[in-house]
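Below you'll find the structure, written out as structure tokens, and then a few comments.
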Amino acid sequence: MVIGAKATRISTNSIVYHSFNGTSDVYTKLLEAYAQNGALQSGKTLHAHLVINGLAQKTHFASKLIAFYAECKQLSHARKLFDKIPQSNIRRWIVLIGAYARHGFYEEAMSVFSEMQREGMKPNKFVLPSVLKACGRFGDFRTGEILHGVILKNEFEFDSYVVSALIDMYSKCGKVEKAKRVFYGMVDKDLVAMNALVSGYLQYGIVNDALVLVEQMKVQGMKPNVVTYNTLIAGFSQEDDQVMVCKVIELMHDDGLEQDVVSWTSIISGLVQNFHNKEAFGMFKRMLDVGLCPTSATISSILPACATVADLMLGKEIHGYTVVTGIEKDVYVKSALIDMYAKCGFISEAKELFSKTSERNSVTWNSMIFGYANHGYCSEAIELFNQMVREEERKPDHLTFTAALTACSHARMVQFGESLFKMMQDKYAIKPRLEHFACMVDLLGRAGKLDEAYNLIQSMPIEPDLFVWGAFLGACRQHGNMDLAEIAAKQLAKLEPESAGSSVLLSSLYADASKWANVAKVKRVIKKKKLTKFPGCSWVDVA
DNA sequence: ATAGGGTTAG
């Protein structure tokens, strides 16, 4: 299938391949390079060349080709090649499942594994690490436990790859106790296993325990590596604990290890997440001064800090860098760019990036829909939502519905909003969260349906928060309903007696369509507790 | 065949 259309290019390229003498090593290296650069066309051409020369069926090349297509996210091609290799060959299962797991197709990896078992193939120690990884990333703890049983039954518990992957699976599923038990049961504890447990501690929010573990293991002769320290740095940085980040870096230097791109990216990411934009920019600059090149992960971490008009210049510079280096195509980078332009109000730039995107995930879609919704392009937002549902490229998630409902409420599309709220639950089995209720209350409230909004609040299966009451209060003020406004105000005061002022601030922000982006700022203010309270002021200035 | 950093919402 892949071959036919490329006849002309094949002949020219064949000459090139033959000039290398066509050793298998060259083919392998080329395929790996193509995979790394996502050079799908070149890889397809080489594939055709291998077919013509009768090499494509050789298991060695077939495996490489499967990995290549998986890397280029061409799952159907990978699967087609897999189907051409004789069934009894265990290697083909290992390669396909491994390729899926390595490139983020966790659901597929697990379903192929079930298929493998249905075909009567027994799992071995080479396939288990990939399956465990897929389980962990997918959060499928039940299957993971079954695999643990398989490991014990087949005495794979002395294979360090398998055991490390098992610890990682429990860690990723948030089962630290289980991860700990497996780790402490190991006769020869190895570095990868320890690192997997360290990451489990972080997942669970006990970074300090992780540090203690590392120190203990050091006493017993374990030598931590950059991965160990980077894991700890990421944990402390996310917790906004600058002091501990510095301490870990010092420890790292005592062990003769240098910070790499991942260390820097972890620090930058933590700073941005904790709203220290200036410090993040400074750190980014220092990283460049040290001579390290930012990766797509670094870029997608720093871009959210550029999502205000004041810092857009830097964002544009970074955008330029991504174009030059070719990482603009990366989904994370692309989504972050779309979000950045959209947040700054440059909807047409965001739209252009979105339409030129070949690979989109739910974040890409959601960023664009939010961009439209938050800037009053409500029909565009709804149209894009419909397109997403129609094309079934990605399933809408809870954020997609938040974005679409936001658009409905700004456009006063009450009926459509109600149908979305129903569709979300009935068709997609998404439980409405606080923000969905807040949108619905806002939608009904703006349309003057205050009683319906109030009924919805009272029917909520979860405790309404200040956004829900804030939206309701805004609607009551707008429609001059003193009685209901008073109820809302009392509820707000009850929810946040310490920072009653912030509730009012937030509710008015909520009511103001164009100021969504400021919510983050307000949250930061609240977090720093610098907000003076002014209880009982002009909430009910309805008149 | 296993371990580290990333994008949306609140």
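Naming: A, B, ... by sequence-line order, numbering from 1 per chain.
A:Asp330 comes within 4.0 angstrom of a base, heavy atoms only. Using a 4.0 Å heavy-atom criterion, one finds that A:Arg394 contacts no nucleic acid atom at all. Residue contacts shown for A:Thr298 include a base, since a base heavy atom lies under 4.0 Å away. Contact annotation for A:Val162: no contact, since no heavy-atom pair falls under 4.0 Å across all strands. At a threshold of 4.0 angstrom between heavy atoms, the contacts of A:Val198 with the nucleic acid are absent. Among the heavy atoms of the strands lying under 4.0 Å from A:Val226 is at least one base atom, whether or not backbone atoms are also near. Within the nucleic acid shown, A:Thr400 has no heavy atom closer than 4.0 Å to any nucleic acid atom. Among the protein residues, A:Val127 comes within range of no part of the nucleic acid, since none of its heavy atoms lies under 4.0 Å from any strand. If you check every strand for non-hydrogen atoms under 4.0 Å, A:Asn225 touches a base. Using a 4.0 Å heavy-atom distance criterion, A:Lys133 is classed as a sugar-phosphate-only contact.
One interatomic measurement links the two molecules: CE of A:Met368 to C1' of B:dT7, which rounds to 15 Å at whole-angstrom precision. With rounding to whole Å, A:Gln273 atom CD is found 9 Å from B:dG6 atom C1'. For the pair A:Asn195 CG and B:dA3 P, the computed distance is 10 Å after rounding to whole Å. Following rounding to the nearest Å, A:Asp190 (CG) and B:dA1 (C1') show an atom-to-atom distance of 13 Å. We find that CZ of A:Phe284 is positioned 14 Å from C1' of B:dG5, with the value rounded to whole Å. Atom CE in A:Met169 sits roughly 13 Å away from atom P in B:dA3 (whole-Å rounding). What separates CD1 of A:Ile347 from C1' of B:dT8 is a distance of 14 Å, to the nearest Å. One interatomic measurement links the two molecules: CG of A:Leu213 to P of B:dA3, which rounds to 17 Å at whole-angstrom precision.
The list of side-chain hydrogen bond (donor to acceptor under 3.5 Å, both in side chains) pairs with a residue in residues 329-338 of chain A, not counting sequence neighbours, reads A:Ser296-A:Asp330, A:Lys334-A:Thr357, A:Ser335-A:Thr364. Sorted by first and then second residue, the side-chain hydrogen bond (donor to acceptor under 3.5 Å, both in side chains) pairs with a member in residues 261-271 of chain A read A:Asn230-A:Ser263, A:Asp260-A:Ser263, A:Thr265-A:Thr298, A:Ser269-A:Gln273; sequence neighbours excluded. Residue pairs meeting the salt bridge (charged side-chain N to carboxylate O under 4.0 Å, His left out) criterion with at least one partner in residues 184-198 of chain A, sequence neighbours excluded, do not occur; the list is empty.
Minimum atom distance to the side chain of A:Ala234 is reached by B:dG5, of the listed B:dA3, B:dG5, B:dT2. Closest contact between the side chain of A:Leu191 and the listed nucleotides B:dT2, B:dA3, B:dT8 involves B:dA3. With distances taken from any side-chain atom of A:Ala297 to the nucleotides B:dT2, B:dG5, B:dT7, the minimum falls on B:dG5. Taking the side chain of A:Ser301 as heavy atoms from C-beta on, and the options B:dA9, B:dT7, B:dG6, the nearest nucleotide is B:dG6. Considering only side-chain atoms of A:Asp159, the nucleotide from B:dA1, B:dA3, B:dA9 that sits closest is B:dA1. Considering only the side chain of A:Ser266, B:dG5 comes nearest among B:dT2, B:dA3, B:dG5. Side-chain proximity of A:Ser300 to the nucleotides B:dG5, B:dT2, B:dT7 is greatest for B:dT7. Proximity note for A:Ala165 (side chain, C-beta onward) versus B:dT8, B:dA9, B:dT2: the nearest is B:dT2.
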Can you give me every donor-acceptor pair (side chain of residues 249-258 of chain A, partner residue at least two apart or in another chain, under 3.5 Å) with its distance?
from	atom 1	to	atom 2	distance (Å)
A:His253	NE2	A:Gln259	OE1	3.4
A:Asp255	OD2	A:Lys218	NZ	3.2
A:Asp255	OD2	A:Tyr229	OH	2.4

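For A:Tyr321, there are no ring pair (Phe, Tyr, Trp, His ring centres under 6.0 Å) partners two or more places apart in sequence or in a different chain.
At a non-hydrogen distance threshold of 4.0 Å, nothing from residues 349-360 of chain A comes into contact with DNA chain B.
Taking the six-membered ring wherever Trp is involved, the centroid distance between the rings of A:Tyr170 and A:His148 falls below 6.0 Å.
Remark: the A:Thr295 side chain and the B:dG6 base include no donor-acceptor N/O pair separated by less than 3.5 Å. With hydrogens and angles ignored, a donor-acceptor pair under 3.5 angstrom links the side chain of A:Ser335 to the base of B:dT7. A donor-acceptor contact under 3.5 angstrom links the side-chain atoms of A:Thr265 to the base of B:dG5. Between the side chain of A:Ser296 and the base of B:dG6 there is at least one donor-acceptor pair of N/O atoms closer than 3.5 Å.
Using cut-offs of 30° and 60° on the angle between ring planes, the pair A:Phe401 and A:Phe385 is perpendicular.
Counting heavy atoms from C-beta outward, A:Thr402 and A:Phe370 have side chains that approach closer than 4.5 Å.
What you find for A:Ala99 and A:Ala67 is that their closest heavy atoms are CB-CA, 4.2 Å.
Using a 4.0 Å cut-off, no side-chain N or O of A:Ser269 falls inside it from OP1 or OP2 of B:dG5. Checking the phosphate oxygens (OP1, OP2) of B:dG6, a side-chain nitrogen or oxygen of A:Gln238 falls inside 4.0 Å. Within the structure, every side-chain polar atom (N or O) of A:Lys329 is placed at least 4.0 Å from both OP1 and OP2 of B:dT7.
With centres under 5.5 Å and a plane angle under 30°, the ring of A:Tyr332 is stacked against the base of B:dG6.
Relative to the ring axis of A:Phe346, A:Lys316 places its NZ or CZ within 45° and under 6.0 Å from the centre.
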